[in-house]
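These notes concern the structure reproduced below.
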Amino acid sequence: MGTSTKPAKGMRDLLPRQMLGRERVIETVKSVYRSFGFEPLETPACERLEVLLGKYGEEGDQLVFKIMHRGEKVERALASGTAAENDVADMALRYDLTVPLARVVAEYQHELPKYFKRYQIQPVWRADRPQKGRFREFYQCDVDVVGSTSLTVEVEVASAVATVLERLGFLDFSIRLNHRKLLFGLIESAGIPATLEGSALVAIDKLDKIGVDGVRKELSGRGVDGLAIDRLVQMLALIEAPQDAMLDRLLDAVVGSDAGRVGVEELRTLVRYAAGTPAGRYFRVDPFLARGLSYYTGPIFEVAVADLAGSLGGGGRYDNLVGMFLGRPIPACGFSLGLERILVVMEERGMLGSNETVADVMVAVWDEASIADSIALAGELRAAGLRVDLFPDLEKVGKQMKYADGRGYPVVAIVGPDERAAGLVTLKTLATGEQRQVPRVDAGKAIVRG
RNA sequence: GCGGGCAUAGCUCAGCUGGUUAGAGCGCCUGACUGUGGAUCAGGAGGUCACCGGUUCAAACCCGGUUGCCCGCCCCA
């Protein structure tokens, strides 16, 4: 009594109206991922806390949904009086699907193929503040390839994602493309110490939002000295140019850095490999893309559309993550699409068919004497390949019609006393109001499947 | 974690500077109406104005707190 029936903060109930559009999108994602040779995987909602912590950076670790010890262990931890968060928790809800994949690869390394290509569509949880297109529980649709350092992998995962979006009806997205090694190269070349690398990444990422002056403030606020800031800003200013020229200038900027040179060369190769693929049309090299997750080591991507502040998805190469569990490095690269983000945009743009109905025909019930015939008719129509709903209660026919109309059912079938006597079925098409009688054996054929 | 806005019927919202029984549209229910939905008409139900406390003769309206939702920032899908 008085208990709120709202779902928990940042989490949602998905009613049939939403589920129908959602399932269509998921089906598209699955079929495209499969067409690229990816295999399905699922992992548990929870992971051991130490599996998740330390993989996402400081911000990420704070957003991990922790799960308390059960039973006596909590009591003991709390009784100590000085319990820190990690003393009362030993598990957590997964924060993404990439780290669980890395754990699975480490655990089953000998059973998995040389190249493990998996897709995974499951919810993840983040203890974030909800916002437009941002929830505490949301689905990610991941594709990853484990076991190869080749840039063909980047092109494949990006092409899979681009194909999904095209198939859903998106034509105006871009895949921003950058390289962690290039970013390190720029930061190194500017003379920013390695300890401030993370701060510098964040600042660079914000350039298009807060401008050059904003970046300066951000950097000095984080303790980068003025000379280094000048050098970095100077480099960034030079970079704006058409793609090929931009890459040339980037190469000049990082000439003293081995990592930087590798980054630029790999970007060049990626662009060349991607020409003529679904991904190639949407690639846009963007030296300011940073991405917060700390496990990326090579190329990074992010899918952007104009009408959403956040991204529809992101990904990149993470050659050291599996190694954090195994002790020896295993290369990997993948891409993640945010299901809710996609749905938010599709809904706003009216890309989701609105009045989908779940049955082609509803069988009405007339009276107790004919109800068995109604049930049988429903079965016959289903056997004929139709989707059929049977009205459950003996209500007035008008009510039954109204219900069918409200549910969007195109046809109502009736077997009352008259029809039973004549071996007929009455079919009413609700859109036009037309009504006709057909022999019961022909009823299935007479109704067009929607 | 920081900043801002909102909270009145199932839904979308009115409700003037505090002043009698809190309104509209849509939806819902009943009937006119036939073995039957939509259109029209006639009726009807439905609100502790988010919650708690304060100011006042009087609070949906003013003040404080709580909760929830939304929008920015940070970060992200």
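Values reported hereafter were calculated over all heavy atoms of this structure, with side chains retained and with hydrogens, waters and symmetry mates removed.
Checking rG46(B) for Watson-Crick or G-U wobble geometry (two distances, each under 3.5 Å) identifies no partner in any strand. Of the nucleotides present, rC71(B) is the one that pairs with rG3(B) by Watson-Crick or G-U wobble criteria, both distances under 3.5 Å. With a cut-off of 3.5 Å on both Watson-Crick or G-U wobble distances, the partner of rC26(B) is given as rG10(B). As the counterpart of rA59(B), no nucleotide is assigned, since no Watson-Crick or G-U wobble pattern has both distances under 3.5 Å. As the counterpart of rA32(B), rU40(B) is assigned, both hydrogen-bonding distances of the Watson-Crick or G-U wobble pattern falling under 3.5 Å.
To the nearest angstrom, C1' of rA77(B) lies 14 Å from OH of Tyr139(A). Distance Lys402(A) NZ to rU36(B) C1': 13 Å, rounded to the nearest Å. Rounding to whole angstrom units, CZ of residue Arg12(A) and C1' of rC69(B) are separated by 14 Å. Counting to the nearest Å, the C1' atom of rA77(B) and the CG atom of Leu93(A) are 16 Å from each other. In this structure, CG of Leu289(A) is placed 14 Å from C1' of rC75(B), rounded to the nearest angstrom. Atoms CD1 (Ile300(A)) and C1' (rA77(B)) sit 15 Å apart, rounded to a whole Å. Rounded to whole Å, atom P of rC75(B) lies 12 Å from atom CD of Glu302(A). Put simply, CZ on Phe135(A) is 14 Å from C1' on rC71(B), counting in whole angstrom units.
For Arg129(A) against rG3(B), a side-chain N or O and a base N or O form a donor-acceptor pair under 3.5 Å. Side-chain atoms of Lys9(A) and base atoms of rG68(B) include no donor and acceptor less than 3.5 Å apart.
Comparing rU56(B) with rC61(B), their P atoms sit 16 Å apart, to the nearest whole Å. The separation of rA14(B) from rA22(B), taken at their C1' atoms, amounts to 11 Å, rounded to a whole angstrom. Rounded to whole Å, the C1' atom of rG68(B) lies 25 Å from the corresponding atom of rG27(B). Rounded to a whole angstrom, the distance from the P atom of rG47(B) to that of rG23(B) is 14 Å. Rounded to whole Å, the separation between the C1' atoms of rG37(B) and rC28(B) comes to 15 Å. Remark: the separation of the C1' atoms in rA24(B) and rC52(B) is 31 Å, to the nearest Å. The same atom, C1', is picked in rG46(B) and in rG10(B); the two are 9 Å apart, to the nearest Å. Taking the P atoms as reference points, rA42(B) lies 12 Å from rG25(B), given to the whole Å.
Residue-environment remark: CE (Met68(A)) stays at or below the threshold of 12 foreign heavy atoms within 6.0 Å. No more than 12 heavy atoms of other residues, nucleotides or ligands shown are found within 6.0 angstrom of CD on Glu347(A).
Considering only side-chain atoms of Lys396(A), the nucleotide from rA77(B), rG38(B), rG31(B) that sits closest is rG31(B). In this structure, of rC71(B), rG38(B), rA77(B), it is rG38(B) that holds the atom nearest to the side chain of Asp405(A). Taking every side-chain heavy atom of Lys6(A) into account, rG68(B) is the closest of rU36(B), rG37(B), rG68(B). The listed nucleotides are rC70(B), rG37(B), rA77(B); the one nearest the side chain of Lys428(A) is rG37(B).
Counting non-hydrogen atoms under 4.0 angstrom, Ala8(A) reaches nothing in the nucleic acid. When heavy atoms are screened at a 4.0 angstrom cut-off, Tyr403(A) is found touching no nucleic acid atom at all. Counting any heavy atom pair closer than 4.0 Å across all strands shown, Gly60(A) reaches no nucleic acid atom. At the heavy-atom level, Gln62(A) lies nowhere under 4.0 Å from the strands shown. Using a 4.0 Å heavy-atom cutoff across all strands shown, Gly433(A) reaches at least one base atom of the nucleic acid. At the heavy-atom level, Gly313(A) lies under 4.0 Å from the strands shown only through sugar-phosphate atoms. Across all strands, Glu419(A) comes closer than 4.0 Å to base atoms (heavy-atom distances). If you check every strand for non-hydrogen atoms under 4.0 Å, Ile342(A) touches nothing.
Looking at Asp128(A) and Arg134(A), a side-chain N of the basic residue comes within less than 4.0 Å of a carboxylate O on the acidic one, giving a salt bridge. Using a 4.0 Å cut-off between charged nitrogen and carboxylate oxygen, Glu348(A) and Lys132(A) count as a salt-bridge pair. No salt bridge links Lys402(A) with Glu395(A); every basic N to acidic carboxylate O contact stays at or beyond 4.0 Å. Taking 4.0 Å as the cut-off between side-chain N and carboxylate O, Arg216(A) and Asp230(A) count as a salt-bridged pair.
Relative to the six-membered ring of Tyr56(A), Arg126(A) misses at least one condition, a distance below 6.0 Å or an angle of at most 45° to the axis.
Mapping Gln131(A) and Lys399(A) onto RNA chain B by nearest heavy atom places Lys399(A) at the nucleotide closer to the 5' end. When the nearest nucleotides of RNA chain B are assigned to Glu434(A) and Pro7(A) by heavy-atom distance, the more 5′-ward of the two goes with Glu434(A).
Residues Tyr403(A) and Asp393(A) bring no donor and acceptor atom of their side chains to less than 3.5 Å of each other.
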